[in-house]
There are 2 protein chains.
Amino acid sequence: MTARKLTPRGRERRAQLIAYATERFAADGYHPTSVADIVDGLGVGKGVFYWYFSSKEELFIEILRTAQRDLRRRQQRAIEGVEDPVRRVELGVRAGVLWMAEHNDLRRLFEFARTEETFARAMRAGQSVLVGDAVDHLKAAIVEGRLPDRDPEALALGILGVTNVMTTVYFDERREDPEHVADLVVDFCMEGLGARR
Amino acid sequence: MTARKLTPRGRERRAQLIAYATERFAADGYHPTSVADIVDGLGVGKGVFYWYFSSKEELFIEILRTAQRDLRRRQQRAIEGVEDPVRRVELGVRAGVLWMAEHNDLRRLFEFARTEETFARAMRAGQSVLVGDAVDHLKAAIVEGRLPDRDPEALALGILGVTNVMTTVYFDERREDPEHVADLVVDFCMEGLGARR
DNA sequence: GCCGAACTTGACCGTACGGTCAAGTTCGCG
DNA sequence: CGCGAACTTGACCGTACGGTCAAGTTCGGC
């Protein structure tokens with residue numbers, strides 16, 4: 001789609017489509033949700049959809065990219081001005097968990113997007129940025145002797161994994177308090193099972 | 001489907017359908033893979049599919065359930081005769097990682113199945129069994145004072161999360177050595193980042 | 001008040017989907 | 001051999017999908 005000129009009215013309509021589609025995709029899945037479902041749900045004609053998006057796929061990728069950008073911004077804001085690299089990791093994790101709590105639907109979309117090659121590329125790109133951010137802090141912490149010297153990328157992936165599963169189970173299946181979940185994620189990431197070997 | 005009587009030939013055909021469908025579902029996704037794709041790929045008529053399965057959905061759920069059972073058996077075999085609960089956790093995790101390495105396609109199917117309500121029920125059931133197994137060992141370890149006293153379910157979920165993400169990234173995107181990945185997963189699970197606080 | 005760009009409508013198109021079924025073939029067994 | 005159950009075929013069905021488009025409406029700027 002060659003970016004259209006949008007009036008305020010158009011921008012609002014576009015945002016409305018994105019919001020409603022996100023909701024439906026998260027609730028029913030990407031494939032089971034048809035373009036007809038989306039426009040009918042909003043009570044508009046089908047042409048409206050194709051005025052703002054060139055395809056269902058394009059809309060989905062747009063949702064993913066916007067969400068990834070938003071998540072990263074949130075994490076960066078959370079660690080602004082903090083020098084201690086270990087603390088930066090912790091604050092980044094907390095911010096990520098809280099973002100997931102507020103955007104449960106987007107988290108579900110992320111999980112689906114990873115499973116289909118069409119969207120996996122976009123997901124990997126965004127994910128590797130977040131992992132890269134974490135790796136930077138972890139490297140710094142290791143250099144400063146604050147953390148034992150282990151593969152920082154593996155550590156970052158571990159953090160990602162704990163966050164994914166805990167947010168899924170605790171937010172999606174139960175309705176746990178976000179702060180409590182953030183504590184659980186941070187605890188596990190910092191100390192794991194706490195086994196001394 | 002009211003379980004049909006199968007001759008050896010029939011059992012083989014059924015297994016062939018399951019194997020090929022698993023491959024295609026994992027490669028292209030569940031929805032993008034049509035029943036026609038599956039039967040065409042095997043060079044058989046469409047009726048063959050519906051002789052063995054009452055629907056595409058039923059086949060998929062069957063694949064999931066069989067896989068979950070197989071994974072659990074593998075883990076149970078791995079910890080057979082081991083008394084130390086911490087060691088049981090570690091061996092279970094290693095077995096899980098190695099199973100994922102050998103069944104990358106099934107792992108991908110698991111990830112998709114979690115994202116669609118139709119299959120999420122079946123997935124949660126199987127997953128909660130595995131988590132329950134781990135929780136038992138963790139509780140025992142805590143009682144014995146081998147691990148600090150923390151919510152065992154959260155710990156089990158943490159393990160699950162680390163396993164999921166590391167197997168995805170290291171097996172799917174790169175072709176890492178399974179044993180090495182198992183080490184990374186176990187390390188992270190046992191000690192996390194290794195931060196002393 | 002008018003013009004063009006922004007926006008909206010909904011009938012329509014080709015296709016491909018999941019699933020059915022009447023008919024035919026293979027095969028083990030008595 | 002022969003018969004019934006197991007298995008296979010592929011044309012066919014209704015539907016619903018993603019996407020198009022000619023036509024009409026709204027609206028801001030001049």
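Below, all heavy atoms of this structure are taken into account, side chains as well, without hydrogens, waters or symmetry copies. Every chain is numbered from 1 and lettered A, B, ... according to where its sequence line falls, protein lines coming before strand lines.
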Counting the atoms with a prime plus P, OP1 and OP2 as sugar-phosphate, which does A:V48 contact under 4.0 Å by heavy atoms, base, sugar-phosphate, or nothing? base
Write down the partner of D:dC3 under the Watson-Crick or G-U wobble criteria, each distance required to be under 3.5 Å. C:dG28
Quick check on the hydrophobic clustering: are B:L91 and B:V186 connected, directly or via other members, by side-chain heavy-atom contacts under 4.5 Å? no
Between B:R13 and D:dC7, is there a side-chain N or O to OP1/OP2 distance below 4.0 Å? no
Length of the line joining B:I38:CD1 and D:dG10:P, which is rounded to integer Å: 18 Å
Take atom CH2 of B:W51 and atom P of C:dA23, then tell me their distance rounded to the nearest Å. 17 Å
Per the atom types in the model, does the base of C:dG19 pair as donor or acceptor with the side chain of B:K46 at under 3.5 Å? yes
For atom CG of B:L6 and atom C1' of C:dT26, their distance in whole Å: 16 Å
Can you tell me the distance, in whole Å, between the CD atom of A:E12 and the P atom of D:dC27? 12 Å
B:F49 atom CZ is separated from C:dG18 atom P, nearest whole Å, by 9 Å
Do the side-chain N or O atoms of A:Y52 get closer than 4.0 angstrom to the phosphate oxygens (OP1, OP2) of C:dA6? no
Atom OH of B:Y50 and atom C1' of D:dA11 are separated, to the nearest Å, by 15 Å
Does A:T7 have a side-chain nitrogen or oxygen under 4.0 Å from the phosphate oxygens OP1 or OP2 of D:dG28? no
Complementary nucleotide for D:dA22 - Watson-Crick or wobble, under 3.5 Å: C:dT9
5'-most by nearest nucleotide on DNA chain D - A:S34 or A:G47: A:S34
Determine, using ring centers only, whether B:Y30 and B:F119 are less than 6.0 Å apart. yes
Take A:T168 and A:R107 through the side-chain hydrogen bond (donor to acceptor under 3.5 Å, both in side chains) test and state the conclusion after the steps. CA-CA 8 Å; A:T168 297; A:R107 185 190 49 68; 3.1 Å; yes
Calculate the interatomic distance between B:D37 atom CG and C:dG19 atom P; express it in whole Å. 14 Å
So, does B:K5 get its side chain near the phosphate of D:dA6, meaning an N or O under 4.0 Å from OP1 or OP2? no
One thing to verify: whether B:R121 and B:E117 come together as a salt bridge, which I'm taking to mean a side-chain N less than 4.0 angstrom from a carboxylate O. no
Find the distance B:D40:CG to D:dT8:C1' and express it as a whole number of Å. 15 Å
May I ask you to evaluate whether A:R9 reaches the phosphate of D:dT26, defined as a side-chain N or O under 4.0 Å from OP1 or OP2? no
Using a strict cut-off of less than 4.0 Å between a Lys/Arg side-chain nitrogen and an Asp/Glu carboxylate oxygen, indicate whether B:E90 and B:R87 qualify as a salt bridge. yes
